J.: 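This is the structure, below, for whatever I ask next.
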Number of protein chains: 2
Amino acid sequence: MKAAPEREVDRSVSQTVKAQLALRDQILSGSLRPGERISELQAVETTGASRTPVRMALVRLEEEGLLEAIPSGGFMVKAFSERDISDSIELRGTLEGLAARFAAERGVSARELEPLKECLAAIDELLRQVPISVDAFSSYVTLNARFHALLTELSRSPPLIRQIDRASALPFASPSGFVMAQSALPEAQQILIIGQEHHRVVIDAIENREGARAEAIMREHARLAVRNLRLALRNRTHLDLLPALALIKAATD
Amino acid sequence: MKAAPEREVDRSVSQTVKAQLALRDQILSGSLRPGERISELQAVETTGASRTPVRMALVRLEEEGLLEAIPSGGFMVKAFSERDISDSIELRGTLEGLAARFAAERGVSARELEPLKECLAAIDELLRQVPISVDAFSSYVTLNARFHALLTELSRSPPLIRQIDRASALPFASPSGFVMAQSALPEAQQILIIGQEHHRVVIDAIENREGARAEAIMREHARLAVRNLRLALRNRTHLDLLPALALIKAATD
DNA sequence: CCCTCCGCTATTGTATACATAACGTATTCA
DNA sequence: TGAATACGTTATGTATACAATAGCGGAGGG
């Protein structure tokens, strides 16, 4: 592999992965706007990888749902409607409901629930401060994602876990842009607290092997997130410039 | 593009697509066994495309869930347990339930239901003969897939449709191998008839805008398919050599 | 002045060459 | 005789060259 004279090659990770991460960041940060065509040549320059890994990254991102193939060739950044996004949230909730049911029906040891409960306690701690700070909200988002990931794992169903990961691409994609915290909605924290109550109930249901209840609560949880999204969208003013995705991480409970 | 002297190049479809289809066929037909490492060089020879399109096809098939990346490099054919498959069926049913609910809640015109009802009638016609012939069963599988696809479309939710397509990759992947028809189970046709009844009910529920009922029936439909799969797996004898996927199209209702 | 057609350019699709890492084998030393 | 190391072969990751097509702009005719 002959390194180009002027180009620094980072050998620690594969070029393909590097390109994929870089491009995803560009999409989610809004550097590439929805609907915009993505140029391979340009991607080569911004990512530092050559065309082959860039193309592989583009294919992966297309399968991931962030890009859309253009019939005449190439890719464009996919655009999402508000309904697309709320549907995605409900979809994810439905899948997580199934995961919770599987977990309840198949049984989970106390040891496996341990990290979930730790997550719960940490979130409790964060939500105690009213109103919540931006930093705390940021931690909340991380912990919440962790909770959901752990819950998904409990299903012990690789196909389901895989599918939930894919379904989460939209709702959880954004690396930053904690819109809700910025807009400082008064209802926001109340919604977070209700969501946390859901978390508590689902763990209880799984412990008691009540599959139907576990499933129902996760679906309710998703409906809450949809309401939350609607709320955030109603109150957006200065946010119109952000790509739709940037809203999601904040709104998806 | 200089065609290699001895290699016939088919320009009607892109090499990438051609390679993807060829490789998928190889996987699903069992030419490549689960767990087997897939060699790029070999794939180049069997598909007739060069390495770049082959690699893109491999990445796509990995994202599709048929291949698994090997940490040290390359890909292998993914292996599925029986539980993986039954979980996939239930997963798909859950998603289709959501689609049916969306369709019911969002309203569907009589015109849109037309093709569904035609499908229904055609399947009725096929199921009238007892026992069903292999040819008729083959037609049934096609019509059934069409019905499910049309139903999915009714949700008018691109993210959900996309997700269902992906979830169907496993259950509906196999291009042939109508196992159930061959094994000629006595219960088989009865299950088909019950499934057809489900189809009828879900259309009725959507017409009457009963979202909850539409959703429930599709989930029941999936549970029936899982029972059907179990039945088929119990009765397999000469089928052990087939890849797990080959069973699915037949068993998934 | 507008519409159409031709040609050019830019970008993607494909092929292949090159580098590197991993695996297997053989040989040598303990 | 067994194990470890070194070397060679093979296959993957990466880069780049080449071919073809689509889109765009200019020029010419109506």
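First the proteins, then the strands, lettered A, B, ... as listed; each starts at 1. All values derive from a computational prediction rather than experimental measurement.
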J.: Figure out the CG/C1' separation between L58(B) and dT14(D), and round it to whole Å.
T.: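 For the pair L58(B) CG and dT14(D) C1', the rounded distance is 16 Å.
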J.: OP1 or OP2 of dA15(C) less than 4.0 angstrom from a side-chain nitrogen or oxygen of S50(B), does that happen here?
T.: yes
J.: Calculate the interatomic distance between K18(A) atom NZ and dT14(D) atom C1'; express it in whole Å.
T.: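 The distance from NZ of K18(A) to C1' of dT14(D) comes to 11 Å, rounded to the nearest Å.
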J.: Side chains of residues 153-162 of chain A: which donor-acceptor partners sit under 3.5 Å, not counting sequence neighbours?
T.:
from: S155(A); atom 1: OG; to: T152(A); atom 2: O; distance (Å): 2.8
from: S155(A); atom 1: OG; to: S157(A); atom 2: N; distance (Å): 3.3
from: R156(A); atom 1: NH2; to: E112(A); atom 2: OE1; distance (Å): 2.8
from: R156(A); atom 1: NH2; to: E112(A); atom 2: OE2; distance (Å): 2.9
from: S157(A); atom 1: OG; to: D87(B); atom 2: OD2; distance (Å): 2.6
from: R162(A); atom 1: NH2; to: E62(B); atom 2: O; distance (Å): 3.0
from: R162(A); atom 1: NH2; to: E63(B); atom 2: O; distance (Å): 2.7

J.: Counting C-beta onward and ignoring hydrogens, is there a side-chain heavy-atom pair between E90(B) and R101(A) closer than 4.5 Å?
T.: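 E90(B) reaches R101(A) side chain to side chain.
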J.: Tabulate protein N/O versus nucleotide N/O from nucleotides 9-12 of chain C, keeping only pairs under 3.5 Å, one per line.
T.:
from: dT12(C); atom 1: OP1; to: E40(A); atom 2: N; distance (Å): 3.4
from: dT12(C); atom 1: OP2; to: E40(A); atom 2: N; distance (Å): 3.4

J.: Quickly work out the I70(B) CD1 to dC23(C) C1' distance and round it to whole Å.
T.: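 Computing the I70(B):CD1 to dC23(C):C1' distance gives 13 Å.
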J.: Residues in ring pair (Phe, Tyr, Trp, His ring centres under 6.0 Å) with F147(A), at least two apart?
T.: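 With neighbours one apart ignored, the set is H199(A).
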J.: Roughly how far apart are L150(A) CG and E118(A) CD, rounded to 0.5 Å?
T.: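 It is 9.5 Å, given to the nearest 0.5 Å.
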J.: Atom CD of Q42(B) and atom P of dT12(D): how far apart are they, to the nearest Å?
T.: 10 Å
J.: Going by atom types alone, do Q26(A) and T46(A) pair a side-chain donor with an acceptor below 3.5 Å?
T.: yes
J.: For Q15(A) and dT12(D), what is the distance between atoms CD and P respectively, to the nearest whole Å?
T.: 19 Å
J.: Does atom CZ of R146(B) have more than 12 heavy-atom neighbours from other groups under 6.0 Å away?
T.: no
